[in-house]
Peer 1: 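Quick one: this structure, given as structure tokens, is what I'll be asking you about.
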Amino acid sequence: MSMSMSIVSATPPPPPPPPATAKSPSVVPPAPTTASAAQPRRLASLIDSSTSLDHLLQIHAALLRRGLHHHPILSFKLQRSYSSRGRLRSSVALFNCSSEPTVYQWTALIHDHAHLGLHQQALLYFVQMMGDGIEPNAFTFSSVLKSCPLESGKALHCLAVKLGFCSDPYVRTGLVDVYARGGEIVSARRLFDSMPEKSLVSLTAMITCYAKHGELKEARVVFDEILERDVVCWNVMIDGYAQHGKPDEALVLFRQMLSAGVRPNEVTVLSVLSACGQLGALEVGRWIHSHIQNNGIQMNAHVGTALVDMYSKCGSLEDALLVFESMNHKDVVAWNSMILGYAIHGSSQCALGTFNTMCRSGVNPNDITFIAILTACSHTGLIKEGWDFFNSMKDKYGIQPKIEHYGCMVNLLSRAGNLEEAYQLVKEMEIEPDAVIWGTLLGACRLHAKTALAEKIAEFLVGKDLANCGTYTLLSNIYAASGDWEGVAKVRTLMKSSGVVKEKGCSSIEVNNRVHEFLAGDKRHPKSREIYSMLDEINGWLKAYNYRAQTEMVLHDLGEAQKEQSLEVHSERLAIAFGLISTEAGSTIRIVKNLRVCSDCHEVTKLVSLMMGRKIVMRDRNRFHHFVNGSCSCGDYW
């Protein structure tokens, strides 16, 4: 979920109109003779201090009785008070009763619609105001720019220059935000640099611009220039890291935020929970959950869904279910998170049951729901159910399948060995297949030793310039598995000439709220000696169990002894060894790997769980594996 913040939320509301004078009868008409001059002031104060909608309605009734409902100041204040209590229709109705609305009333109307994301209606009111001969002020511009699309924003920019408002800091900040949201970073930066004084709001707008488009170094430079940061500023930078694959930096910055004494809000926890899910940092995620409960952050659908997602991705499906069942309101996004949680943990029947419960509760599935449910089918080979769900998308729910749904079906069919059926589906797709779908087919070719089909697909991808690192790696692995080292050399030469670099395997484990990462053969860790000593112990246990290493998985032309040594220092083995020496006996070890776990490490982990009496939860690129007493939850179907 992206939670990028807009600076518009920090734009102050327009000030009240100036007091009435005898020289401005068109702005403030004379008060009725039955009312004293002090009456409007008293009523204005009552509106400002009203504590409930009922109180506001009573004041409105008093205005009507006294004939003051057309008083511009009172009408303006009443209009704003209705909007602040979510009564936009009442606010609009009150505005429509004004015979000669002032620029302040127009601005309030535009601000209220823009604040709710109703930018088209806000723009229409702005045009109508101009047509009525009312000239906007700086606050009118800052309000209409809030959710304005790029092209309309450019037109408003021209108008602001023409009317002399472009130098106003709030208007310029709003324009920076418009160009940032539209992806025109250069224009946003040019406006930003031309501001003589940069407020916290404008600085945050520029950070938002960079962070939203992945320019994290530039965003951090601006962020570090700010001496006094508010929670919005912190949130933008943390979310930028979380949304662009830098979860470590997001958590580091979050800790700095806490050290600075800034109190996290709902937006903060949504971003940090996303980072925890990416890293598999369960203990940090649990701390955030506790913080939510103890600091008055509302457990709404957004926060609840983020917690479900975090717990699922961190390997604690039980906690995810507890949160899900405690949610009072579950929208389709919450249901999707729970279904996907079951899917990636291989609990396909629970996923299907949750889908049926969702439909019975009156919540209609969307396209994301079907990605989740098809993923569940693919992890346990439910071909018939997968086809039923895929066909029902269009026939029953009117949802057109997207590339992701076809990808799920190709994965389901090819993993089950139905490669020809999967290949036929790809050729008959109504959408142009992407590199991910072809990569899925290639992976299945490796799994089922279909070298000829793999060569055919790889040749097609290279010819269409669709080949990526995964394409070359899979083809190289297919050749290596069949002992064709000449083919391996040819592919690696092609990779080198194309500048393609193979992604390194990396495994991580969280211990004492800190995430430790390992590469294959890694000796950089401070406890490297103890880790390798534990690996020697594990190898001794494996020999006692007469375990034979699956050296055919080593895709290099090496001798048997060298192949065994290569397998023994895979990144997931190092992470498990570190977990064994760093956690209490009997506790669960949780590992996250960026690539698919190899079959030899899969078998070894099953035996370690049996020998050590430990549950080991491993998340690889495709799914979760729960190793308990020598067995894996995947049932070796992966």
Side-chain angles (χ1 to χ4, degrees), residues 3-17 27 47-48 50 53 56-57 60 69-70 72-160 163 165-166 168-182 201 204-205 208 212 232 267 302:
M3 294 296 303
S4 60
M5 300 292 298
S6 171
I7 53 88
V8 298
S9 60
T11 304
V27 177
I47 294 171
D48 289 339
S50 62
L53 181 61
L56 195 64
L57 290 169
H60 192 175
H69 54 288
H70 289 305
I73 297 177
L74 298 177
S75 180
F76 165 77
K77 286 182 173 290
L78 198 59
Q79 181 185 333
R80 289 302 304 272
S81 294
Y82 274 130
S83 295
S84 66
R85 288 172 170 79
R87 296 290 293 267
L88 184 60
R89 286 187 178 182
S90 299
S91 177
V92 173
L94 191 64
F95 174 86
N96 290 334
C97 290
S98 302
S99 55
E100 293 185 8
T102 66
V103 65
Y104 302 103
Q105 289 170 286
W106 279 106
T107 299
L109 188 69
I110 291 165
H111 173 273
D112 295 337
H113 284 80
H115 185 69
L116 294 173
L118 304 172
H119 65 268
Q120 289 185 329
Q121 191 61 45
L123 283 169
L124 285 173
Y125 281 126
F126 183 87
V127 172
Q128 187 179 340
M129 180 193 73
M130 295 290 292
D132 286 354
I134 306 294
E135 189 170 296
N137 59 25
F139 296 107
T140 318
F141 274 106
S142 66
S143 295
V144 76
L145 287 168
K146 282 182 179 179
S147 57
C148 183
L150 180 61
E151 292 308 312
S152 301
K154 288 180 177 179
L156 288 168
H157 189 178
C158 294
L159 184 61
L163 296 178
F165 290 113
C166 200
D168 182 271
Y170 294 113
V171 175
R172 183 151 293 205
T173 298
L175 288 168
V176 169
D177 185 55
V178 166
Y179 285 109
R181 283 186 279 109
V201 176
T204 304
T208 304
K212 180 180 178 182
V232 177
V267 176
H302 297 297

Peer 1: Can you check side-chain contact (heavy atoms from CB on, under 4.5 Å) on R87 and S81, steps first, answer last?
Peer 2: CA-CA 9 Å; R87 296 290 293 267; S81 294; over 6 Å; no

Peer 1: Could you go through the side-chain contact (heavy atoms from CB on, under 4.5 Å) check for L124 and Q121 one step at a time?
Peer 2: CA-CA 5 Å; L124 285 173; Q121 191 61 45; 4.1 Å; yes

Peer 1: Measure the CG-OG distance between L94 and S83 for me, rounded to the nearest 0.5 Å.
Peer 2: 9.5 Å

Peer 1: Would you please test T204 and T208 for side-chain contact (heavy atoms from CB on, under 4.5 Å) and show each step?
Peer 2: CA-CA 6 Å; T204 304; T208 304; 4.2 Å; yes

Peer 1: Please find the pair of heavy atoms, one from P136 and one from F126, that lie closest to each other, and give the distance.
Peer 2: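 Reported closest heavy-atom pair: CB-CE1, 3.9 Å.
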
Peer 1: Does a side-chain heavy-atom distance below 4.5 Å link S142 with T173?
Peer 2: no

Peer 1: Taking S50 for its side chain and L56 for its backbone only, find out whether a donor-acceptor pair lies under 3.5 Å.
Peer 2: no

Peer 1: Going by the side-chain contact (heavy atoms from CB on, under 4.5 Å) test, name the single residue among V127, L123, L159 that passes it with V144.
Peer 2: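 So the option named by the test is L123.
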
Peer 1: Indicate the atoms forming the closest heavy-atom contact of F95 with P101, along with that distance.
Peer 2: CE1-CB, 3.5 Å

Peer 1: Can R172 and D168 be counted as an ion pair, charged N to O under 4.0 angstrom?
Peer 2: no

Peer 1: Rounded at 0.5 Å granularity, tell me how far CG in D112 sits from CG in L88.
Peer 2: 6.0 Å

Peer 1: Side-chain contact, heavy-atom cut-off 4.5 Å: L109 with Q105?
Peer 2: no

Peer 1: Would you compute the distance between atom NE2 of H119 and atom CD1 of I110 and round it to the nearest 0.5 angstrom?
Peer 2: 14.5 Å

Peer 1: Would a 4.5 Å heavy-atom cut-off, applied to side chains only, mark I73 and Y104 as touching?
Peer 2: no

Peer 1: Where do R181 and C148 come nearest, in terms of heavy atoms and distance?
Peer 2: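 For R181 and C148, the tightest heavy-atom pair comes out as NH1-O, 2.9 Å.
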
Peer 1: Checking F139 against V103 for the side-chain contact (heavy atoms from CB on, under 4.5 Å) test, could you report, in this order, the C-alpha distance in whole Å, the side-chain angles of both residues, the deciding distance, and whether it holds?
Peer 2: CA-CA 10 Å; F139 296 107; V103 65; over 6 Å; no

Peer 1: Between NZ of K146 and CG of D177, what distance do you get to the nearest 0.5 Å?
Peer 2: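 Going from NZ on K146 over to CG on D177, the span is 10.5 Å.
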
Peer 1: Just checking Q120: does its CD atom have more than 12 heavy atoms from other residues, nucleotides or ligands closer to it than 6.0 angstrom?
Peer 2: no

Peer 1: So, taking the atom named OG in S91 and the one named CZ in R85, what distance separates them when rounded to the nearest 0.5 Å?
Peer 2: 12.0 Å

Peer 1: State which residues pass salt bridge (charged side-chain N to carboxylate O under 4.0 Å, His left out) with E135; sequence neighbours excluded, sorted by chain then number.
Peer 2: none

Peer 1: Could you pull out the closest heavy-atom pair between V92 and H113, with the gap in Å?
Peer 2: CG2-CE1, 3.6 Å

Peer 1: Any non-hydrogen side-chain atom of Y82 less than 4.5 Å from a side-chain atom of L53?
Peer 2: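 Y82 vs L53: side chains touch.
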
Peer 1: Do F76 and T107 touch side chain to side chain, with heavy atoms closer than 4.5 Å?
Peer 2: no

Peer 1: In Å, rounded to the nearest 0.5 Å, how long is the span from OH of Y170 to OG of S143?
Peer 2: 12.0 Å

Peer 1: Between K154 and Y179, is there a side-chain heavy-atom distance shorter than 4.5 Å?
Peer 2: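 Side-chain contact under 4.5 Å: yes.
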
Peer 1: Given side chains that start at C-beta, do those of H111 and R80 come closer than 4.5 Å, heavy atoms only?
Peer 2: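 Side chain of H111 against side chain of R80, heavy atoms only: contact under 4.5 Å found.
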
Peer 1: Would you say T140 and I134 make side-chain contact, with heavy atoms under 4.5 Å?
Peer 2: no

Peer 1: So which heavy atom on L145 is nearest to which on V171, and how close?
Peer 2: CD1-O, 3.8 Å

Peer 1: So, the side chain of S152 versus the backbone of P149: is there a donor-acceptor pair under 3.5 Å, distance only?
Peer 2: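 No, because the side chain of S152 does not come within donor-acceptor range (under 3.5 Å) of the backbone of P149.
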
Peer 1: Where do C166 and H157 come nearest, in terms of heavy atoms and distance?
Peer 2: SG-NE2, 3.6 Å

